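Keep in mind that this is a model prediction, so the values were computed, not measured. Residues take their numbers from the sequence shown, with the count starting at 1.
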Amino acid sequence: MIMRKMIPFLMFFLLISGCTPLKQDTLIKWVVSDNMFMNSNEKIEYGKPIKNQYVDAYNQTLKEKGYAFQIEVVYYDSSKYDQSVSHEDLIKEIERDFPDADVVNFYMSAIDHYEVLDEYFKSSLGEKLRSEIPENVLQYNKINGSIYGIEKNTFKYATSAYSFLPEYYNRHKQEIEKYKDDPILLLKKLSVYKDWNTKEILTYPQGFNLYTLLEQQYQSIQLDEDDSGLFIRRSDKKIVSIFDDPQIKDTILLLAKLGQQNAYGGQLSSTDLNTISQERKFSMITIPYEYPEELYEKYKSDDERILIRYGREKLLQSAKLSILKTSKNKQEAFESIALMNTDRECANAMIYGESIKDSNEIICCETSMPGGNWNSYGNYLIANQTENEPNNKKELAFEYANRVDISKQISPYFQFQDKKDTVEQLIEIYTSQISNICINEKGEDENSIKKQLDKLESQFKQFKLDELISFFQNQIDSRN
């Protein structure tokens with residue numbers, strides 16, 4: 001009772017003394033996928049605020065720097081959302097279940113739920129954020145000329161690559177060096193030899209990814225991260241399905257033929273396959289992206305495999321964070337994303353789990369790969385250098401990213417809300433079959449594979465593909 005009577009007196013005293021009562025920090029709620037901090041060991045309880053060293057360090061750094069907000073990170077259960085559930089429905093569920101949510105993952109199908117960030121980028125903090133992102137990367141990630149999300153800032157330049165066992169490379173060095181810039185033709189040449197066995201197979205299942213092999217001539221259209229069976233032909237920027245272009249179909253048949261020849265170990269015992277996998281006895285692996293050699297000058301590896309880079313220069317994409325239109329704290333939400341990309345100590349907190357005051361401190365991180373920590377947020381380019389990284393990682397990242405000709409880099413973003421039901425059904429049918437056809441684990445002959453493709457094609461035709469292709473083609477044409 002005495003304390004209750006004292007409260008008005010204390011408030012009056014604070015006011016007449018020129019002080020204002022302390023304002024409680026604004027809580028910015030991030031509701032994100034449960035793979036945000038893959039290198040953290042915290043116990044995951046979906047729908048409840050997580051506790052780990054990264055979030056704690058970031059909040060402590062914000063407090064030390066005088067910011068009047070903290071972040072609260074909540075995971076949603078990503079396993080609940082399979083290919084039959086659109087990501088727009090996921091965002092709607094987040095808005096329903098977490099009405100105070102501010103920051104979420106970006107998904108193209110949910111674009112109408114996100115705040116456009118163009119005006120935020122005009123603020124002093126926004127200008128600083130813009131300066132930390134290579135111009136090519138910023139432009140490539142715009143959608144209809146606007147910014148809807150902020151990517152994790154890492155090394156974004158890459159080419160494709162092969163990884164060979166030395167003995168296999170030496171056996172076929174002439175063919176590899178002659179045909180390395182055409183992975184499909186190279187595979188055709190190498191498939192003739194069939195020189196793999198129970199101790200060494202050509203590659204692991206899905207080691208020859210259809211989209212990686214076709215990547216020099218075609219760009220796969222992914223809709224909310226799922227493959228659709230539609231491709232953009234790079235030569236003329238025309239959209240085709242896997243059944244419209246003979247080269248795509250021939251590549252599928254080539255992969256299935258290799259499966260029939262046991263190139264992926266499909267007919268081996270699980271024991272033999274596990275042994276090969278543990279010893280990495282894969283003769284050849286295609287790698288979708290590989291950083292330039294300059295980035296690895298300090299990295300020590302025991303891997304004796306031979307790496308050969310090839311192909312077109314490209315910009316990679318990483319996870320984006322967006323602000324919900326329904327957020328009641330949009331400015332602070334923007335700051336919560338921007339600061340970990342513009343302030344070195346904030347970036348360190350999110351990447352290393354501590355703010356690290358000394359900018360010259362080298363982080364002991366023997367197992368880290370150069371190129372960026374993809375498992376968490378925070379600007380890798382301004383964070384303290386690890387012992388495996390070059391001294392000029394930021395300069396290298398900008399130099400390489402800005403030399404990519406983005407006029408030849410087709411934007412991966414397509415709006416498909418008007419065709420959502422059709423697209424979801426198409427993706428479900430395509431993804432449930434194409435991988436099994438390519439791997440051909442049962443070793444079926446070409447006639448059997450062609451029958452499976454014919455069945456898939458007949459299923460495709462029910463979707464009025466001409467209308468769907470025209471719908472996406474108009475979006476590409478309008479960008480030119």
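- Taking the six-membered ring for Trp and the full ring otherwise, Y157 and Y291 have centroids separated by 6.0 Å or more.
- Side-chain contact between Y140 and L138: absent, with no pair of heavy atoms (C-beta onward) separated by less than 4.5 Å.
- The minimum heavy-atom distance between I176 and L186, with the atom names listed, is CA-CD1, 3.7 Å.
- N348 and S355 form no side-chain donor-acceptor contact under 3.5 Å, judged by distance and modelled atom types alone.
- The existence of a salt bridge linking D245 and R233 is confirmed by a sub-4.0 Å separation between a basic side-chain nitrogen and an acidic carboxylate oxygen.
- No side-chain donor-acceptor contact under 3.5 Å links R309 and T159.
- Paired with I337 under the rule side chain to side chain contact (heavy atoms under 4.5 Å, CB included), one option of V103, I28, D102, T342 passes, and it is V103.
- Checking Q60 against E64 by side-chain atom types alone, a donor-acceptor pair falls below 3.5 Å.
- No donor-acceptor contact under 3.5 angstrom links the side chains of Q222 and Y413, judged on distance only.
- Proximity of V73 to Y75: side-chain heavy atoms (C-beta onward) are separated by under 4.5 Å at one or more points.
- Contact check on D343 versus K65 returns a salt bridge, with a Lys/Arg side-chain nitrogen under 4.0 Å from an Asp/Glu carboxylate oxygen.
- Among all heavy-atom pairs drawn from K394 and L381, the shortest one is CB-O, 3.6 Å.
- Judged purely by atom type and a 3.5 angstrom limit, E424 has no side-chain atom pairing as donor or acceptor with the backbone of D421.
- For D89 and K420, the salt-bridge test passes: some basic side-chain N is under 4.0 Å from an acidic carboxylate O.
- For Y310 and Y162, the ring centers sit closer than 6.0 Å to each other.
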Report task. Take I308 and F164 through the side-chain contact (heavy atoms from CB on, under 4.5 Å) test and state the conclusion after the steps. Result -> CA-CA 8 Å; I308 296 179; F164 295 100; 4.0 Å; yes

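- Among all heavy-atom pairs drawn from A110 and E88, the shortest one is CB-CA, 3.9 Å.
- In summary, the side chains of S123 and K128 do not present any donor paired with an acceptor at a separation below 3.5 Å, with no hydrogens or angles considered.
- In this structure, K419 is positioned above the aromatic face of F471, its NZ or CZ under 6.0 Å from the six-membered ring centre and within 45° of the axis.
- Of the listed residues (Y67, W30, Y58), just one forms a side-chain hydrogen bond (donor to acceptor under 3.5 Å, both in side chains) with S336, and that residue is W30.
- The residues E127 and K122 are annotated as not salt-bridged, no charged nitrogen and carboxylate oxygen being separated by less than 4.0 angstrom.
- Counting only N and O atoms by type, the side chains of T251 and K249 include no donor and acceptor under 3.5 Å apart.
- For the residue pair N153/N341, the side-chain donor-acceptor check at 3.5 Å is not satisfied.
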**Report entry** Check against salt bridge (charged side-chain N to carboxylate O under 4.0 Å, His left out), R130 and E135
**Finding:** CA-CA 8 Å; R130 186 187 183 103; E135 186 62 22; 3.3 Å; yes

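- Within 6.0 Å of NZ in K325 there are more than 12 heavy atoms belonging to other residues, nucleotides or ligands.
- Counting only N and O atoms by type, the side chains of Y400 and E294 include a donor and acceptor under 3.5 Å apart.
- For the pair K393 and Y380, the cation-pi test (distance below 6.0 Å, angle within 45°) is passed.
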Requested in this report: Any chance you could lay out the side-chain contact (heavy atoms from CB on, under 4.5 Å) test for Y218 and L210, step after step, and finish with the verdict?
Outcome: CA-CA 11 Å; Y218 305 88; L210 175 64; over 6 Å; no

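- Of the options L321, L316, N141, a side chain to side chain contact (heavy atoms under 4.5 Å, CB included) to E151 is made by N141 and by none of the others.
- Side-chain contact check for M108 versus I143: some heavy-atom pair is nearer than 4.5 Å.
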